[in-house]
Amino acid sequence: MFALVDGNNFYVSCERVFNPKLEGVPVIVLSNNDGCVVARSAEAKALGIPMGAPYFQLKQLVKDHGIRTFSSNYPLYADMSQRVVTVLNGFAPCEVYSIDESFLDLQGVPPASRIQLGHDIRQKVRRWTGIPTCVGIGPTKTLAKLANHVAKKRPECAGVCDLSDPALRRHVMPAIDAGEVWGIGPKSAKKLAGVGVRTVADLAGMAPRLARQLLTVTGERIVHELNGTRCIQLDLSPPPKQATAVTRSFGQPVTTVAAMEEAVASYATRAAEKLRQEGMGATALQVFMHTNPFNGDPRCSRAGLHSFPEPSSDTLEIVSAATRLARRLFRPGYRFSKAGVMALDLVATADAPRDLFTQADRGKSARLMEAVDALNDRMGRNTIWTAAAGINRPWQQQRRRLSPNYTTKVEDLPMVRL
DNA sequence: TCTGGGGTCCTAGGACCC
DNA sequence: TCTGGGGTCCTAGGACCC
């Protein structure tokens, strides 16, 4: 049996923990570059603001209703997420599924006390971290997700729903759209509607073979999971990452090779830092860049790959490969709006294969990177960096409405007045 | 006229998730 | 003027092997 614990409007809730004036008023959090809406309070949802709405289209609404608006403050949300997980680990073995969702293993919990456990979890997480949550319980992950959906939508659940009883499932499933099921996106929902499958009940009653024909194995698995047959296991120690990416939209369009090289070098620097934090090396590096697909600018989309002779997490190597690719891919005459660096085919540094023919001194590189990381860790990110990443950085993103890093920066600690 | 069978690996593209 | 970022999994098709 699984429980899915999910933070309500997670980013908004994080902002509210340290700014109680945000309670009861509409609040939204924006994506990077203040581009579009990625989190909404209940009050903002009630105003009809859809998920993913471009911010510039909402400015009037924001003004009219006094909607409080924040740039996303990722360090704050990540730290709050960790605090929630710490509390959850006190209840049961826990798979962290995303920044605001975790699956718990309820094996051994007597059926009669599951609901009470759900309420205990909610109460403790709320009291210890300030984050409101909902808890969904079910015999498969897909049913636990569905139960969580029900817990959120139905006030009488008081935030906890257990869908382990098939009779209860038969009762709720006809009232929920198939598109709400975990793994059914807009395209699949449309395909399903084409064969008359509209509700979760329809989907659960579908012949597994037909589901496979329409939606490949993933579709067949969903049908089984909805009927209580477990196809997706709990992953208590998630497998190592296969890839890591650093991609950003620019604060203003990039039109020169020099600016593109700088931007890509700075993303590559960050990618190398991430690799070292995770103890991984990249076998290959991909760089891409493209123009804005929305605003009618001439389209240009470019991508290129570089393979390393042996896995690397060395900033200098990665930056040099990335800038070479950027130079090669860049085309003058276009207004590029976004670029990215992706480190691929990651290998744990400890058991990375060595190249027989390269002379690189791995020990020296490792010591240099250790020194760089130590400096940037102690004195603040970007205390030292490669000159390739530029100084003025006109392409850097806009984040005009950033809240303080209440929990991760000494200068930003909240003040208490007596 | 008629041109095999069985396998692996790689890549690109699509769909989905939060 | 202005539309996010970071991942995963699956499939199809091509190249290549013996």
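Numbered from 1 within each chain, the chains take letters A, B, ... in sequence-line order. Predicted model only: the values in this text are computed from it and were never measured.
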Practice item. Give A/A53 one of three labels, base, sugar-phosphate or nothing, depending on what nucleic acid heavy atoms sit under 4.0 Å from its own. Key: nothing
Point to revise | Short side-chain N/O contact to C/dG4 OP1/OP2 from A/Q397, under 4.0 Å | key: no
Practice item. Would you kindly give the CH2-to-P distance between A/W182 and C/dC9, to the nearest whole Å? Key: 12 Å
Check your understanding: How many Å lie between CD on A/Q233 and P on C/dT8, as a whole number?
Key -> 19 Å
Review point. Will you find, in the side chains of A/D162 and A/S164, an N or O donor that is under 3.5 Å from an N or O acceptor?
Key: yes
Check your understanding: Is there a side-chain polar atom (N or O) of A/K145 under 4.0 Å from OP1 or OP2 of B/dC18?
Key -> yes
Practice item. Taking atom OH of A/Y334 as the centre, report whether more than 12 heavy atoms of other residues, nucleotides or ligands fall under 6.0 Å from it. Key: no
Practice item. Would you mind classifying the nucleic acid contact of A/Y97 as base, sugar-phosphate or nothing, using non-hydrogen atoms under 4.0 angstrom? Key: sugar-phosphate
Exercise for review: Look at the side-chain N and O atoms of A/S337 and state whether any lies under 4.0 Å from the OP1 or OP2 oxygen of C/dT3.
Suggested key: no
Practice item. Show your reasoning for whether salt bridge (Lys or Arg N to Asp or Glu O under 4.0 Å) applies to A/E225 and A/K141. Key: CA-CA 7 Å; A/E225 284 250 321; A/K141 282 184 166 181; over 6 Å; no
Point to revise | A/T142 side chain to A/T140 side chain, donor-acceptor N/O pair below 3.5 angstrom | key: no
Review point. Atom NZ of A/K338 to atom P of C/dC2: distance rounded to whole Å?
Key: 16 Å
Review point. Taking the nucleotide of DNA chain C with the closest heavy atom to each, which residue, A/P239 or A/P54, is nearer the 5' end?
Key: A/P54
Study note, to complete from the structure: Out of C/dC2, C/dT8, B/dT11, minimum distance to the side chain of A/L305 belongs to B/dT11
**Study point:** A/R270 and A/S266: side chain donor to acceptor below 3.5 Å
**Key:** no
Study note, to complete from the structure: For DNA chain B, the expected dot-bracket line (Watson-Crick or G-U under 3.5 Å, [ ] crossing, | inter-strand) is ....||||||||||||||
Point to revise | Backbone of A/M289 reached by a side-chain donor or acceptor of A/R302 within 3.5 Å | key: no
Review point. Should the heavy atoms of other residues, nucleotides or ligands under 6.0 Å from CZ of A/R399 be counted, would the total exceed 12?
Key: no
Practice item. Under 4.0 Å between any heavy atoms, over every strand shown, what does A/S188 touch: base, sugar-phosphate, or nothing? Just pick one. Key: sugar-phosphate
Exercise for review: Rounded off to whole Å, could you give me the CD-to-P distance for the A/Q252 and C/dC2 pair?
Suggested key: 11 Å
Point to revise | Between P of B/dC17 and CG of A/D6, the distance in whole Å | key: 14 Å
Point to revise | Rounded distance in Å - NZ (A/K190) to P (B/dA15) | key: 11 Å
**Study point:** Centroid separation A/F103 to A/W182 less than 6.0 Å
**Key:** yes
Point to revise | Interface residues of residues 281-302 of chain A with DNA chain C (non-hydrogen, below 4.0 angstrom) | key: A/N292, A/F294, A/N295
Exercise for review: Considering just the side-chain nitrogens and oxygens of A/K274, establish if one lies under 4.0 Å of OP1 or OP2 belonging to C/dG5.
Suggested key: no
Practice item. Answer yes or no: does a side-chain N or O of A/T247 lie under 4.0 Å from OP1 or OP2 of C/dG6? Key: yes
Exercise for review: Under 4.0 Å between any heavy atoms, over every strand shown, what does A/E101 touch: base, sugar-phosphate, or nothing? Just pick one.
Suggested key: sugar-phosphate
Point to revise | Test applied, ring-ring contact (aromatic ring centres under 6.0 Å, His included); reference residue, A/F336; option that passes from A/W395, A/F330, A/F250 | key: A/F330
Point to revise | Nearest-Å distance once atom C1' is located in both B/dG4 and C/dC16 | key: 16 Å
**Study point:** Contact list for DNA chain B against residues 28-44 of chain A - heavy-atom distance below 4.0 Å
**Key:** none
Check your understanding: Can you tell me if the side-chain N/O atoms of A/T218 get under 4.0 Å from OP1 or OP2 in B/dC16?
Key -> no
Check your understanding: Do the side-chain N and O atoms of A/D297 and A/T291 include a donor-acceptor pair separated by under 3.5 angstrom?
Key -> no
**Study point:** Among C/dC2, C/dG7, B/dC18, the nucleotide that comes nearest once only the side chain of A/K241 is considered
**Key:** C/dG7
Review point. Separation of A/D235 atom CG from C/dC9 atom P, in whole Å?
Key: 9 Å
Practice item. Please check if the distance between the ring centroids of A/Y11 and A/F70 is under 6.0 Å. Key: no
Exercise for review: Establish, with yes or no, whether the OP1 or OP2 oxygen of C/dC9 is under 4.0 angstrom from a side-chain nitrogen or oxygen of A/R221.
Suggested key: no
**Study point:** Spacing of A/I184 atom CD1 relative to B/dC18 atom P, expressed in whole Å
**Key:** 12 Å
Check your understanding: How about A/M173: does its CE atom have over 12 heavy atoms from other parts shown lying under 6.0 Å from it?
Key -> yes
Exercise for review: Look up atom CD in A/E43 and atom CG in A/N9, then write down how far apart they are to the nearest 0.5 Å.
Suggested key: 8.5 Å
Review point. Within the pair A/K187 and B/dG14, is there a side-chain N or O less than 4.0 Å away from OP1 or OP2?
Key: no
Review point. With a 3.5 Å cut-off and no angle check, do the side chains of A/T315 and A/R276 form a donor-acceptor pair?
Key: yes
Review point. With respect to the phosphate group of B/dA15, does any side-chain polar atom (N or O) of A/T216 fall under 4.0 Å of OP1 or OP2?
Key: no
